[in-house]
**Q** 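Next up is a structure, given as structure tokens.
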Protein chains: 2
Amino acid sequence: MAQQGLMGIRSHYPRLSEKEKKIADFILEHPEKIVHQTISQVADQLEVADATVSRFCKRIGYKGFQALKIALAPEIIAPNKMLHEDVNDTDEAIMVAEKIFQSNIRTLENTLQVLNKAELEQAVTLLLEARRVEFYGFGGSNMVAMDAYHKFVRSGVPAFAFPDAHLQLMSASQLTNQDVAFIFSHSGASKDAYLLLQTVKKTGAKTIAITGFPKSPIGQQVNIALHTSSEETDYRSEALASRIAQLSIIDALYVTVIMRQKEKAQTSVEKVRNAIAATKM
Amino acid sequence: MAQQGLMGIRSHYPRLSEKEKKIADFILEHPEKIVHQTISQVADQLEVADATVSRFCKRIGYKGFQALKIALAPEIIAPNKMLHEDVNDTDEAIMVAEKIFQSNIRTLENTLQVLNKAELEQAVTLLLEARRVEFYGFGGSNMVAMDAYHKFVRSGVPAFAFPDAHLQLMSASQLTNQDVAFIFSHSGASKDAYLLLQTVKKTGAKTIAITGFPKSPIGQQVNIALHTSSEETDYRSEALASRIAQLSIIDALYVTVIMRQKEKAQTSVEKVRNAIAATKM
DNA sequence: TTGCTATATGAAAATTATTTTCGTATTATG
DNA sequence: CATAATACGAAAATAATTTTCATATAGCAA
């Protein structure tokens with residue numbers, strides 16, 4: 001199948017010929033013109049032949065011009081104008097806010113797409129059956145670990161978290177094979193987190209991680225790897241957005257755990273409502 | 001203009017003829033078949049003439065069959081089952097996750113709409129000029145205050161935060177009129193937070209708050225009030241989502257502050273970033 | 001250089017998809 | 001029952017897209 005819309009075009013770009021690049025540029029700049037015009041109108045504007053545009057569509061993996069239109073249609077409903085502008089372009093606070101919010105929204109959307117159903121379920125099962133669950137995070141991720149701890153401990157899960165690196169490592173070495181270690185690391189490669197994972201693995205405890213990079217060392221070596229997905233090119237923006245996604249995953253796990261615990265004769269709708277109600281700030 | 005996709009079809013439904021209703025039913029049931037098939041294929045499956053389908057498209061307000069395809073394309077990428085509330089609302093983890101993520105996304109969108117440009121600017125100015133900035137939050141909001149502290153302290157802002165209610169109150173009473181108190185309270189009415197605000201006001205320090213309710217006591221009495229906005233019908237379910245919005249506002253303020261500090265703080269952030277980079281493998 | 005080959009491109013033909021026209025059937029209305 | 005209005009399908013007309021084919025251009029070997 002052809003890749004998703006504009007991203008797919010970018011990935012083909014290097015292999016395109018002169019006129020084809022001209023077409024690609026036009027699409028990336030004005031996707032709405034593709035969607036709302038005929039192949040001839042587009043070809044005229046670009047001063048190329050219809051045939052060239054038609055061939056272009058096939059070259060980048062679509063069945064034809066109509067198929068490209070349909071792939072592009074979803075992209076133009078939310079014309080995320082802010083996103084291609086760099087934060088540095090303008091330092092108006094409201095502009096920065098828009099950029100940050102859009103970035104966070106996109107990251108949540110992407111992360112939801114990428115969430116693996118089976119792994120989520122397994123994570124819930126582990127959390128429900130563990131003798132003890134410890135949440136770990138270093139640097140900015142420590143706050144996420146503490147947040148998870150505060151939530152789960154109220155739901156009756158035997159949760160723990162620690163405010164500094166040394167305490168985390170000490171506690172990790174004391175786990176047993178009936179315990180669960182839950183690690184937050186955006187890069188999936190920080191030295192502290194990696195060391196901690198090795199320590200945990202020696203104890204036989206089950207491991208769950210949320211990282212931003214499935215192929216990172218930590219992402220590869222845990223029992224259950226959940227990951228966040230961001231399109232941000234800048235590492236700092238990515239880290240900000242991915243933390244929002246991490247928190248959202250924790251929220252989802254937490255609400256699910258509560259629902260499972262209260263498996264009674266309630267209707268499922270009530271279950272969700274009650275579960276969420278139990279999370280007052 | 002034609003209304004958005006499937007909703008538009010529903011609104012026209014009562015006025016349609018027999019065959020046209022047959023077509024409408026088919027579209028509502030299988031929008032993806034419209035998007036991916038030709039008008040003749042669709043007509044054959046429904047045992048009606050092409051002409052009837054073509055007329056149908058115009059009847060419901062589109063220019064033609066192609067235009068309908070394009071309007072429908074966005075709907076089929078994410079078959080948003082959560083929106084139809086009667087759909088099997090199971091307690092599957094992935095379903096819960098979808099609900100949580102959608103809720104968070106909508107809350108971010110709404111909050112961005114509601115963000116006040118002038119107040120954001122004023123907040124940035126206060127943060128940059130303060131002799132000392134203290135972040136306060138009780139219960140679940142304490143996490144947000146700690147997070148803000150961790151961010152701003154790295155950017156060179158003289159930031160402080162405290163892990164418990166008593167320490168927060170003690171420190172608040174020591175502020176001066178050159179300081180800034182930044183309060184997080186979703187309800188804007190919690191007893192602890194209100195008491196703290198009164199304490200701060202006696203010192204003459206400037207006050208900023210992020211609440212979910214502009215008309216709440218805290219929202220009314222601070223110098224600068226920023227608000228999150230959630231559509232959740234259930235007051236209690238707003239809590240999870242609004243915390244995400246609070247964090248996003250902090251992210252926006254943080255990034256803006258860094259940009260304003262330009263070279264000065266740029267270097268100190270660089271230092272920290274490099275320090276963090278050094279801990280990666 | 002010359003001649004060969006591969007690739008790119010546009011014009012026009014061929015194909016395919018869609019819309020319009022037109023005639024008949026059906027239903028409603030007085 | 002007659003008449004008008006509407007619905008509908010078949011086929012013609014039109015529009016859009018793809019394919020074919022001829023030519024141009026660039027790279028390259030002798």
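Below, chain A is the first sequence line, B the second, and so on; all start at residue 1. Everything numeric in this text was worked out from a predicted model, so none of it was measured. Note: hydrogens, waters and symmetry copies are ignored here, and every other heavy atom, side chains too, is used.
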**Q** Please list, chain by chain and in numerical order, all residues satisfying side chain to side chain contact (heavy atoms under 4.5 Å, CB included) with A:Ser17, sequence neighbours excluded.
**A**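 For A:Ser17 the side chain to side chain contact (heavy atoms under 4.5 Å, CB included) partners, ignoring immediate neighbours, are A:Glu20.
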**Q** For B:Lys117, check salt bridge (charged side-chain N to carboxylate O under 4.0 Å, His left out) against everything at least two apart and list the hits.
**A**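 A:Glu92.
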**Q** Five pairs at each end of the helix from C:dT1-D:dA30 to C:dG30-D:dC1: take the axis at both ends and give me the angle between them to 10°.
**A**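 Here the helix ends are tilted 10° relative to one another.
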**Q** Could you work out, with side chain to side chain contact (heavy atoms under 4.5 Å, CB included) as the rule, every residue matching B:Lys63, not counting sequence neighbours?
**A**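 Side chain to side chain contact (heavy atoms under 4.5 Å, CB included) check on B:Lys63 returns B:Ala67.
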**Q** Which distance, rounded to the nearest 0.5 Å, do you find between the CD1 of B:Ile27 and the CD1 of B:Ile60?
**A**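 With rounding to 0.5 Å, CD1 (B:Ile27) is 5.5 Å from CD1 (B:Ile60).
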**Q** Under the salt bridge (Lys or Arg N to Asp or Glu O under 4.0 Å) definition, can you give me all pairs with a residue in residues 42-52 of chain B, not counting sequence neighbours?
**A**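 Every candidate salt bridge (Lys or Arg N to Asp or Glu O under 4.0 Å) pair involving residues 42-52 of chain B fails, so no pair, neighbours aside, qualifies.
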**Q** Using the ring pair (Phe, Tyr, Trp, His ring centres under 6.0 Å) criterion, which residues pair with B:Phe26? Sequence neighbours excluded.
**A**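 Once residues adjacent in sequence are excluded, the partners of B:Phe26 under the ring pair (Phe, Tyr, Trp, His ring centres under 6.0 Å) criterion are B:His30.
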**Q** Reading nucleotides 8-20 of chain C 5' to 3', which nucleotides get B (base under 4.0 Å from a protein heavy atom), which S (sugar-phosphate only), which -?
**A** SBBB-----SBBB
**Q** Tell me every residue that passes ring pair (Phe, Tyr, Trp, His ring centres under 6.0 Å) with B:Phe65, counting only those two or more places apart in sequence or in another chain.
**A**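 Counting only residues at least two positions away or on another chain, B:Phe65 forms no ring pair (Phe, Tyr, Trp, His ring centres under 6.0 Å).
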**Q** Between which nucleotides of DNA chain D, 5' to 3', does chain A make heavy-atom contacts below 4.0 Å?
**A**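 Contact boundaries, 5' end first: D:dA16 to D:dT20.
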**Q** With sequence neighbours left out, what residues match A:Asn223 under side chain to side chain contact (heavy atoms under 4.5 Å, CB included)?
**A**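 Per chain and number, A:Asn223 pairs via side chain to side chain contact (heavy atoms under 4.5 Å, CB included) with A:Lys206, A:Thr207.
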**Q** What salt bridge (Lys or Arg N to Asp or Glu O under 4.0 Å) pairs are there with at least one residue in residues 26-43 of chain B, not counting sequence neighbours?
**A**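 Of all non-adjacent pairs touching residues 26-43 of chain B, none passes salt bridge (Lys or Arg N to Asp or Glu O under 4.0 Å).
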**Q** Report the residues that fulfil side chain to side chain contact (heavy atoms under 4.5 Å, CB included) with B:Thr52, sequence neighbours left out, ordered by chain and then residue number.
**A**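 Only B:Lys19, B:Ile23, B:Val48, B:Ala49, B:Arg55 meet the side chain to side chain contact (heavy atoms under 4.5 Å, CB included) criterion with B:Thr52.
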